[in-house]
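Keep in mind it's a predicted model, so treat the numbers as computed, not measured.
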Amino acid sequence: MFSSLIAWFTAPAQWSATAGIPTRLLQHLGYTALSVLVGALIAVPVGLYIGHTNRGRFLVVGLANGLRALPELGVLVLFVLLLGLGLTPVVLALMLLAIPPLLAGTYAGISGVDPAAVDAARGIGMTERQILFEVELPNALPLMVAGLRTATLQVVATATIAAFVSLGGLGRYIVDGQAQRDFTQMAGGAILVALLAIVLEVALQGVQRAVTPGTRRTRPDARSDARPATPAVGTSDAVTAGG
């Protein structure tokens, strides 16, 4: 199997044809980015409102639990039956997977801001809009990025279902390999999806670290840098576990 995988990955056709790895990779990233973007357009404003006003907190718990319990392939088939084949059913199905962690991260970040800072902002005459965008939102960024990280990883791992409705992406190798009993192709597709998820995880960890106060190095050899970073509000693990 190992030698077969090497031969599969090094075959010129895998890197030059229209169905080659670069094309499939871009398709997979496109489905992922579009689904997370649409999910963020819905989840972030709702999370900001609930976190700032503390109204509708049950919505966060209900949506997080309810949407997470949905079977993605079943939802995709339902959307295909309702809307027909195409990109829209795939994006809608993956969007439902992205919303819970994005919503939970935004809500947890906003509601976790120190109440004393919010009261002080009101005391100096800031409007509710200014408090939200100039006080709460900057402090909530680490947890919001943690939610984005969780959503992205879940969507990129599930975007293989696009191949079940005749679209492309890295899932094409898995579906076609299963149909042709080509286990090397299936393993190659699975490895590519795993590698893509690892790369995105590392990149988003870097983004989360960059927006978390107290994690930047002051001296390259400072011993204090070895200690765990202290986020502004809460911890990303809480969101990751909750999202």
Check your understanding: Restricting to pairs with a member in residues 136-180, which pass ring-ring contact (aromatic ring centres under 6.0 Å, His included), not counting sequence neighbours?
Key -> W8-Y173
Check your understanding: If two hydrophobic side chains count as joined below 4.5 Å and joins carry through other members, does L132 share a cluster with L41?
Key -> no
Practice item. Please round to the nearest 0.5 Å and tell me the distance separating atom CG of L97 and atom OG1 of T152. Key: 10.5 Å
Check your understanding: Which atom names give the shortest non-hydrogen contact between G39 and L102, and what distance separates them?
Key -> C-CD1, 3.8 Å
Point to revise | Evaluation steps, side-chain contact (heavy atoms from CB on, under 4.5 Å), between V165 and F79 | key: CA-CA 11 Å; V165 291; F79 281 138; over 6 Å; no
Exercise for review: Rounded to the nearest 0.5 Å, what's the gap from CG on L92 to CG on L78? Could you check?
Suggested key: 10.5 Å
Check your understanding: Quick one: side-chain contact (heavy atoms from CB on, under 4.5 Å) partners of S4, sequence neighbours excluded?
Key -> T184
**Study point:** CG on L167 to CG on L85, rounded to 0.5 Å
**Key:** 8.0 Å
Exercise for review: Name all residues meeting the salt bridge (Lys or Arg N to Asp or Glu O under 4.0 Å) criterion together with E134; count only those two or more places apart in sequence or in a different chain, and write none if there are none.
Suggested key: none
**Study point:** Taking every non-hydrogen atom, the tightest pair across V211 and P142
**Key:** O-CG, 3.6 Å
Review point. Which atom pair, heavy atoms only, marks the closest approach of S35 to V90?
Key: OG-O, 4.4 Å
Review point. Any chance CD of Q178 has more than 12 other-residue heavy atoms, nucleotides or ligands included, within less than 6.0 Å?
Key: no
Point to revise | Smallest separation among heavy atoms of L87 and L34, with atom names | key: CD2-CD2, 3.9 Å
Practice item. Could you tell me which residues satisfy side chain to side chain donor-acceptor pair (under 3.5 Å) with E128, sequence neighbours excluded, listed by chain and number? Key: H52, R122
Check your understanding: Pairs in or reaching into residues 2-27: which pass salt bridge (Lys or Arg N to Asp or Glu O under 4.0 Å), with residues at least two apart or in two chains?
Key -> none
Review point. A197 and L153: which non-hydrogen atoms are nearest, and at how many Å?
Key: O-CD2, 3.3 Å
**Study point:** Interatomic distance, L170 atom CG to Q27 atom CD [nearest 0.5 angstrom]
**Key:** 8.5 Å
Check your understanding: Could you state the interatomic distance from NE2 (H28) to OG1 (T23), rounded to the nearest 0.5 Å?
Key -> 14.5 Å
Practice item. Sequence neighbours left out, what pairs pass salt bridge (Lys or Arg N to Asp or Glu O under 4.0 Å) with at least one residue falling in residues 164-178? Key: R172-D176
Check your understanding: CD1/I174 to CG/L192 distance, rounded to the nearest 0.5 angstrom?
Key -> 9.0 Å
Point to revise | Non-hydrogen atoms of G168 and A162 that approach each other most closely | key: O-CB, 4.1 Å
